[in-house]
Amino acid sequence: MTKNISLNVDGDGIATLLLDVADKPMNVLTPGLENDLEECIERIASDGAIRGAVFASAKSSFMAGADIKDMASAFDRGVTAAEGARLSQRLNRLFRKLETCGKPVAAAINGVALGGGLELALACHYRVMANDPKARVGLPEVTIGLLPGAGGTQRVPRLIGVTDALRFITQGRPLAAEAALKQGLVHELAPADQIVERARQWILKGGQGVQPWDEKGFRVPGGGGMSTPKAAQAFMGGTALTAKATMRNYPAPLAILSCIYEGTQLPIDKALEIESKYFGKLLAGPVARNLMRTMFVNKGLADKLSRRPVGPEKARVTKLGILGAGMMGAGVAYSSAIAGMQVILLDTTQEAAEKGKAYSQKLLANQVERGRSSQADAEAVLARIKPTTSYDELADCELVIEAVFENREIKADVTAKAEAVIPETAVFASNTSTLPITGLAKVSKRPGQFIGIHFFSPVDKMPLVEIILGKKTSDETLARALDYVGQLRKTPIVVNDSRGFYTSRCFGTFTREGMAMLEEGVDPALIENAAKMAGMPVGPLAVADEVTIDLQWKVTRQTEQDLGRRFEKPAGYEVIRKFVEDLKRPGRRFGAGFYEYPANGKKFLWPGLGDIYPLQSEQPSADVVIKRLMYIQALEAARCMEEGVVTTAAEADLGSILGWGFPAWTGGTLSFIDTIGIETFVADCNQLARKYGKRFRPSRWLRHRAERKELFYPVKDKDRAA
Ligand code: NAD
């Protein structure tokens, strides 16, 4: 019996080891558990009374991998590649000892076995998996910038062959029970309450304590390294595909390929050394830190509503009102009905309201067709949406979200009409993408209960919701808006009021920088490709077409009108104007923009671009284009921090990745600056400003931060390298 594992030997001499990590809801590979595993494995090997062993879990899952929070701080603690490799070596030695102890060892997998959890099971000679719908086995390390460093990259190809192993490990997607059995990752499926007994039976019936790779004459199924044409093809094809898909911004998938390529040509012990070496390199690099910190640790905190004020009682929306059944209103209706809410979907005509509901019908039919929802469930969701033109229907809504045209007068009108009928306690939210919330709240009778809940399009796919506080928004209102986002299972960030808030404001700099370069005569194909090389999902011109250049023109003109003499034309202003007013090419929805959209064929850059913006004779390098596109977004994010629009680096980072597709490998806009180094970033910005304009000039605030080497994520004293 140790702190985290209880070991019991039964009358048949079979030891059952129940994993039960203390003080954690899930079993995770903590240093404490590693010590206990070492002690238990020692005992299995040396205790003559033990003839075999079964690893099982006392919790609802087998094991969910390592403690990511701890690993996320490795980079900031100054962990070197060699030190990182030693972490992996320790587990590899331990698991190797287990599989070579000479006694049969089985794993009884309930719930999930991910990362280190699956790697422990792979070091057992036999695996029984619960055939319940929630059970999964997987090696998802690649998604946090790492590779499986406890033998996963070596045992999996030796079990199932190189081609399937590459797919399983570089994609990181866990498999359900049937698929795991079919793939050969587990030996047997059984009902959850029988897995331990089946594992025991395997031992009692003479199961052997030898791994296939320790048998004489073992060969990797299908061949390892370049030993067979099939394996060679898997590595060559895999490397080319991975390099293309990741643009070499993510080191983990290529490290996995190298690791499997090199390792499968060697005996297992040497192969595990290779794995440890690559693991150490990844752990000591910034990309793993960035991915773990933003996409796991900070996303987890945001999902748990870390910004929620503590006082107000937890609230649930049972009935939601939506004003405006257009693109956004229809999307919000769908996501809210899926989450179980009754939805009143209101528009100016019944026909428009019905059309909004039809959007849900289309999405649900698709879900049914793909087997992701039953017909009955889909019908129940649809029945929760009531299209209407009558404000009286809103009488008992706890929350109303307006998504009518982006027009102050119309928004004021619907606010007044809704507030006349909704309960005194109801929250009123605007989904505006540009109009400051404080201004919109001026017409409200209850500005304390007025807030911005900004969704992204398409609502059902986009995970982020930007919550905007008006000057008078109360804590209670914020808490209720966050509770609603929690109901939708989306990730919220909370920002202060400003024109364009946080996300639209930074995203706008990306598209405008692309247009500025176009105007200078940079090859549009170079602009678009450079953005993708940096990891943006689409180029600035393509995405400008998607959101429509027309919308950008409207927003720019509204800003011009609001700011009057304080207005300064932003980069790309003339391009936007020309495409909307002169050329009548306002974006994809209208059939023409920076791209041509043939009715039956792929879009392509409009050939007329070259006539209007002749190419410079000397084109910049892709690196320069990438720098301009990435720096301008990061700089705007820093300005938002300076002005208090965003208040935490974590939210700025999450908002950038989940909101407008800033590349995840960077960790987000502010992690990007920290990773480059704030002094280098500021020096580079000064250089860019001299060459391309004052929009790149770093503010005094940022320059001072650079002088003080002040990071956006200060390294905590406990994390500082010793
Ligand atoms: P849309 O034009 O598709 O839909 C607007 C809907 O509002 C229409 O169905 C219209 O009939 C209805 N409407 C107009 N006046 C009304 C009134 N007085 N009462 C009731 N209904 C009325 O627009 P959209 O793209 O869905 O945008 C709606 C809001 O969401 C805007 O404020 C916009 O800025 C914001 N927004 C849009 C996006 C986006 O990507 N389109 C993203 C985030 C936020």
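Throughout, numbering of the chain's residues begins at 1 and tracks the sequence. A quick note: this is a predicted structure, and the numbers were derived from the prediction, not measured. One-based numbering, in listed order, for ligands and for the atoms of each.
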Subject >> Residue that, paired with Y502, satisfies ring-ring contact (aromatic ring centres under 6.0 Å, His included) out of W660, F662, F507 >> reply: W660
Enclosure of [X] [atom1] (heavy-atom neighbours >12, cutoff 6.0 Å):
X    : atom1 : answer
R577 : CZ    : yes
E313 : CD    : no
K603 : NZ    : yes

Which atoms from ligand 1 have a heavy atom of [X] less than 4.0 Å away?
X    : value
S433 : 33 (C), 34 (O), 35 (C), 36 (N), 44 (C)
A325 : 9 (O)
F455 : 42 (C), 43 (C)
I410 : 15 (N), 18 (N)

Subject >> Location of contacts on F456 toward ligand 1, heavy atoms closer than 4.0 Å >> reply: neither
**OP:** Under 4.0 Å, heavy atoms only, figure out whether ligand 1 is touched by the backbone of S430, its side chain, both or neither.
**Re:** neither
Among all the protein's non-hydrogen atoms, which is closest to [atom], and how far away is it?
atom                    : result
atom 28 (C) of ligand 1 : A403 O, 3.2 Å
atom 9 (O) of ligand 1  : D347 OD2, 2.7 Å
atom 22 (C) of ligand 1 : V404 CG1, 3.5 Å
atom 37 (C) of ligand 1 : M328 CG, 3.4 Å
atom 40 (O) of ligand 1 : S457 CB, 3.4 Å
atom 6 (C) of ligand 1  : G326 N, 3.6 Å
atom 44 (C) of ligand 1 : N431 O, 3.1 Å
atom 23 (O) of ligand 1 : M327 N, 4.6 Å

**OP:** Anything under 30° is parallel, anything over 60° is perpendicular, the rest tilted; go ahead and classify W701 against F712.
**Re:** tilted
**OP:** Give the ring-plane orientation class for F672 versus W665, where under 30° counts as parallel, over 60° as perpendicular and anything between as tilted.
**Re:** perpendicular
**OP:** Indicate yes or no: does R639 engage E636 in a salt bridge with an N to O separation below 4.0 Å.
**Re:** yes
**OP:** Determine whether any heavy atom of K411 lies closer than 4.0 Å to an atom of ligand 1.
**Re:** yes
Original post:
Does at least one non-hydrogen atom of V414 fall below 4.0 angstrom from an atom of ligand 1?
Top reply: yes
**OP:** Consider every N or O of H454 and every N or O of ligand 1, then say whether any pair is closer than 3.5 Å.
**Re:** no
Subject >> T432, any N or O under 3.5 Å of ligand 1 N or O >> reply: no
Original post:
Does the protein place any heavy atom closer than 4.0 Å to atom 13 (N) of ligand 1?
Top reply: yes
Subject >> Check: D653 side chain, T669 main-chain N or O, donor-acceptor pair, under 3.5 Å >> reply: yes
Original post:
Within the side chain of K299, is there an N or O that forms a donor-acceptor pair under 3.5 Å with the backbone of L654?
Top reply: no
Original post:
Would you call N298 and R293 a side-chain contact if the rule is heavy atoms closer than 4.5 Å?
Top reply: yes
Original post:
Less than 4.5 Å apart, any side-chain heavy atom of D562 and any of R499?
Top reply: yes
Subject >> Candidate pair F579 and F594, rule ring pair (Phe, Tyr, Trp, His ring centres under 6.0 Å), full reasoning >> reply: CA-CA 8 Å; F579 269 73; F594 295 115; 4.4 Å; yes
